[in-house]
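Notes for the one structure printed next.
To find a chain, count down the sequence lines: A is the first, B the second, and so on, and within it residues start at 1.
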Amino acid sequence: MSEQVIDRDSIPKSYAPSEIEAGIIAKWDEANIGHGDPSNEKSQFSILIPPPNVTAPLHIGHALNSTLQDVLIRWHRMRGFNTLWMPGTDHAGIATQTVVEKRLMQQEKKKRTDFERGEFVARVQEWKDEYEATILRQFKSLGASCDWDRTRFTMDPVCTAAVREAFFKMFQDDLIYRGKRLVNWDPVTLTALADDEVEMKEVAGHMYYLRYPLEDGSGFVTVATTRPETMLGDSAVAVNPEDPRAEELRGKSIRLPIVGRVIPIVEDDYVVMPGDGDDPKAAFATGFLKVTPAHDPNDWEIGLRHNLEVINVMASDGSISSNYGWDDCSSEAEQYLGLSREDARVAIIDWFKANDLVEDIKPYDHSVGHSYRSHVPIEPYLSDQWYVRVTDDKLGGEALRALAAEQYEGSPPKRESGEQSGDGELRFTPARYAKTFQSWHENLRDWCISRQLWWGHQIPIWTKEISIDAEVLFPYQGEDSTTFATQHDEAEGTITIYVCVRGGHDDVEQALVSDGFVRDEDVLDTWFSSALWPLSTMGWPTPVNFPDTEGLLEKFNPTSVLVTGRDIITLWVSRMTMLNRYFQNGTLPFNDVFINPMIQDGFGQRMSKSLGNGVDPRDIISTHGADAMRYALTQLSTGTQDVRLTIDLICPHSGKTFEPEYVKSQTGHEVMAPIQTSPSDETKKISTLYGLLIGASEDSEETPLAVNTSSRFDVGRNFANKFWNSARFAMLNISSPAVNVSNADLLPVDVWMLSRIVHATEKLDEALSDYQFNVAAETLYDLLWRDFCDWYLEAIKPTIKENEYQQRTLLTVLNVICRLLHPVCPFVTEAMWSHLCELDSGIIEGIELDDKDVLALANWPVIDGIELDAQVIASFEALQALVTAIRGARASSGVRPNRRIDVTLSGYLHALAAKHDVTLQALAGIDNICEGADVKDGMPIQIEGQTVCLSNMFDAEEAHTQMEKLDEEIASLEKKINGMKNRLNNES
RNA sequence: GGUCCAUUGGCGCAGUUGGCUAGCGCGCUUGCAUGACACGCAAGAGGUCACUGGUUCAAAUCCAGUAUGGACCACCA
């Protein structure tokens, strides 16, 4: 056995992440550390990645989300669980289609409709392939230990099969239906949106007071509206039955201006009366409400109650049109056809003004729904759409009952048997988010799932219209392959047949087509396939067709925990819960939901591309390293609050950093720019370019001159470097061959250090079990920095070279620290591990550490039955207090740092000092340790009521200078005192 | 309008069932090129825990109210 195993030059002096990370990733790939094996008997721990949209590269929020998942996965893997972390991406229907359409317009000046559907989808597919590859590379570069062989995409064959089957079954069970409703229509992207895809924005608008003449010429009523342009589709005026004016108007009609339509006055208690104190609308109300069932959701409801005509006066792009259900367009009204909503509003108000029918126009601020994609106001628009009946107890009710009893009063008590029922087993961390989940389900409305897009899962419905007199003859009825529904339209005299074809029956599809059926053009809402993610990724329902998914569902569903952001509790968490329970006998897709913090910029704003305040994890990895990023993100995951990430702009060429501020760019956007405290050419250049680039286009692909980073990651870089260096130092001190260490061979400092790793392991386990990531990070920091580096390494310096037992203890401690740090800082620990493996660590009884070439696959330290003398530990802690006190006294009295002084103590303190003499001498700069109770010379200090005396603190010359210094200080203080005294005397 | 969250030294945050002197990182001050690390070491300054009242032997912590900030839901008269 060689004397010195580690060559001093083989480990560089400081940690350079960029030189090491790629090699480590390759090592993990080769060892296939992420592989989850369904046939493995060990208990499972599984996580499904919230699949990021393929619209753009990952941002720092994704990095946070993935880091936390990876910490949990690596920790469980080391603890011996059979782990599966399933990666993947989401096709993100409308979002992806929108960015691709935008790019085609910019680069090729082409619209979607300039392509065949298949052609266009192929272009989107190209985009998807590019970004999916980028995203997966990003995941890998931040150290994610997913099961890469099972990477899924929401439009993979395996996922498509699940979508087909889910749709089929729900259609069969009448949980999916066709309905003519007002939907949230996006007039730019030309698609319906779900309620939660609508963003409310405050808009400074106007309240228009319009006079509607009574048909009999006996006067008029004044209606108040914010949307005068919809008056073309008015089919009634409503008044509250309690309103005193209601009675004399009863039975009368209105002649609608411009159109000339005669419309009834209906009585409905939805109408707010002016002066009704409680309702804020009362201040603006006239008591008369124009009713436009085709263009307002509330009016739609009134229309249903009073059986009113539904007159749609707009085309799908929001322009005024008589082609979509407006039959009585007058010649007067024709002038408005083709105008946009906005232009029509102006023109119609002009008409009312010209005809003296405008009573008033008041400024009015209100919030208006906007499309979360195109950002234009939503148009409530009448159309035929597909809905999921989430209001059915089988879906919404089941999801609600999943909530754990301690988080939701209405939850059924947990079953006594060990059987998993799903009821009351869903637990949110932090617990308050259970309330978000609960109130969402208590106010559910059916879910509109059809989208008028090309990118997505096409709805598996084939349609044919037949005469109402014709017999509905359908050759496939009753077969396992199809199910159908019909819709009768008495007015048109038609029956529409909707046939849903189960997946894998191409012959039936062809037969339908030759029979005159046409497939529904629309695709499903992205969240429909996302809702099936826990099932589809694991091969539900037909594992036979996808052999690599065999056994996954049985082994890994329910998954252990879902880590996600609070913004998708309703969009995603709820729907996964519903569908998983519905298709899997009530079992849940996951038992725990951990809601990770949201990252904001230093000013508390959401990060976004258009603000220019986004942070790309790749930039952080290049400036700080992946471990640094992971450590910092773990540390700021406190669970209670959102986190602010102060952003620094750094110029990659010069390395200069700038503080950002928000300025108006030339396009009018608020964008981030460097503060020009001392305007240099460089600041100006970056500022201008930054503003231009970010302001010019949201999807700008050019790299700005400056890169966003944050000094918040410095703590992580320092931490990783500290580990690197301390490990290097420790290993360079190993010179003796391996030896087994028994308790009797340990010095007090070794016993103390072992007690610290026991303590840290327990605390870490507890913190991670409770998803207290910040506590975990803090625990690691204290262990590595405070305990190991500040105390242990310093304390053993005098003895380590000679003491072979201590060398083995040091190696064992380092080995344990390596393992404990690994889930949070996998790269630097894995890199050190290969050096550590070159040394034979020996054995310390009570600490179980296996031998593995790859740290990621090594075991979590099992510290069991190690006997550490509590008195020895306590005595080391007492020594720490003594050292601290002496250091403080030395510093405050100006002793030269490298001077060795004498200390005189008595009683138990002397015994303590004598026992730890070498350590005390090294840590506190002590020369002689003397025993004595009463010392005349020297400086007395108090420690726990005992007097300790320091002496020999200065040589003659130093003593002289020190005296002079003190004299000066006394003189200056006396001067101050006299000054104060004089002032007091003068004032009194 | 409804629900929820936050307010702790200059900055960013911990403080889980009330209980030793309220912690941590950055920054700041003083000193240090010490044979692991200046991405470092040692010592230090800095907080009436937003405000008002209450419960208690004891409140940053529990209760009520006020102020400020934020998030979500509802709402196009």
Side-chain angles (χ1 to χ4, degrees), chain A residues 8 11 13-15 195-196 200 203 205 207-210 222-227 230 238 270-272 274 278-291 295-299 364 366-369 377-380 430 432-433 435-436 438-440 443 566-567 569-570 598 600 602 604-606 624-625 628 632 635-636 638-646 710-712 714-733 766 770 772 774-775 777-778 781-782 786 789-790 793-794 797 884 887-892 894-898 923 925:
Chain A
R8 182 168 273 276
I11 310 174
K13 202 171 155 183
S14 70
Y15 175 51
D195 291 340
D196 33 36
M200 303 311 290
V203 169
M207 183 69 79
Y208 301 92
Y209 294 86
L210 306 180
T222 303
V223 297
T225 180
T226 56
R227 299 204 55 199
T230 64
Y270 171 76
V271 181
V272 174
D278 294 340
D279 200 312
K281 284 175 190 162
F284 286 88
T286 62
F288 296 99
L289 178 64
K290 69 191 245 346
V291 183
H295 295 285
D296 183 287
N298 296 312
D299 293 7
Y364 183 70
H366 58 140
S367 53
V368 176
I378 287 296
E379 189 61 42
R432 73 187 112 98
Y433 291 110
K435 195 151 187 172
T436 309
Q438 180 189 336
S439 55
W440 166 257
N443 299 292
R566 69 170 119 75
D567 49 338
I569 291 175
T570 54
M598 302 289 258
Q600 304 161 338
Q605 304 193 71
R606 243 190 115 132
H624 289 77
Q635 195 204 34
L636 53 73
T638 61
T640 56
Q641 220 194 329
D642 296 336
V643 289
R644 290 189 179 190
L645 203 67
T646 330
S710 173
S711 57
R712 297 276 309 262
D714 292 355
V715 60
R717 183 193 52 199
N718 298 353
F719 182 77
N721 190 58
K722 189 74 175 174
F723 169 75
W724 176 268
N725 251 293
S726 57
R728 172 173 176 271
F729 172 70
M731 286 189 274
L732 293 178
N733 272 291
E766 198 185 322
D770 295 341
Q772 293 184 317
N774 61 318
V775 176
E778 219 169 81
Y781 188 93
D782 288 342
R786 306 269 86 102
C789 292
D790 288 354
L793 289 185
E794 292 304 320
K797 278 179 180 171
T884 307
R887 280 173 173 174
R890 291 175 58 122
S892 64
V895 175
R896 215 167 13 92
N898 51 2
L923 293 181

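- Looking at heavy-atom distances under 4.0 Å, A:Val223 makes no contact with the nucleic acid at all.
- Heavy atoms of A:Ile569 sit nowhere under 4.0 angstrom from any nucleic acid atom.
- Along RNA chain B, the nucleotide nearest to A:Arg887 and the one nearest to A:Asn298 differ in position, and the one closer to the 5' end is contacted by A:Arg887.
- For A:Arg786 and B:G25, the shortest distance from a side-chain N or O to OP1 or OP2 is below 4.0 Å.
- Between A:Phe284 and A:Tyr364, the ring-plane angle classifies as perpendicular under the 30° and 60° cut-offs.
- For B:A36, its base sits under 3.5 Å from the side chain of A:Glu794 at one donor and acceptor pair at least.
- Here A:Phe723 lies out of heavy-atom contact (under 4.0 Å) with every strand.
- Atom name C1', nucleotides B:G47 and B:C28: the rounded distance is 15 Å, in whole Å.
- Phosphate contact (OP1/OP2 of B:C26, side-chain N/O of A:Ser711, threshold under 4.0 Å): absent.
- Between B:A42 and B:C37, the distance separating the two C1' atoms is 15 Å to the nearest Å.
- Here A:Lys435 does not reach the OP1 or OP2 of B:G2: none of its side-chain N or O atoms lies under 4.0 Å away.
- Geometric assessment of A:Lys797 against the ring of A:Phe729 yields a positive cation-pi assignment under the 6.0 Å and 45° thresholds.
- Phosphate contact (OP1/OP2 of B:G40, side-chain N/O of A:Asn718, threshold under 4.0 Å): present.
- Within 4.0 Å (heavy atoms only), A:Arg712 reaches sugar-phosphate atoms of the nucleic acid but no base atom.
- Remark: the A:Lys13 side chain and the B:C37 base include no donor-acceptor N/O pair separated by less than 3.5 Å.
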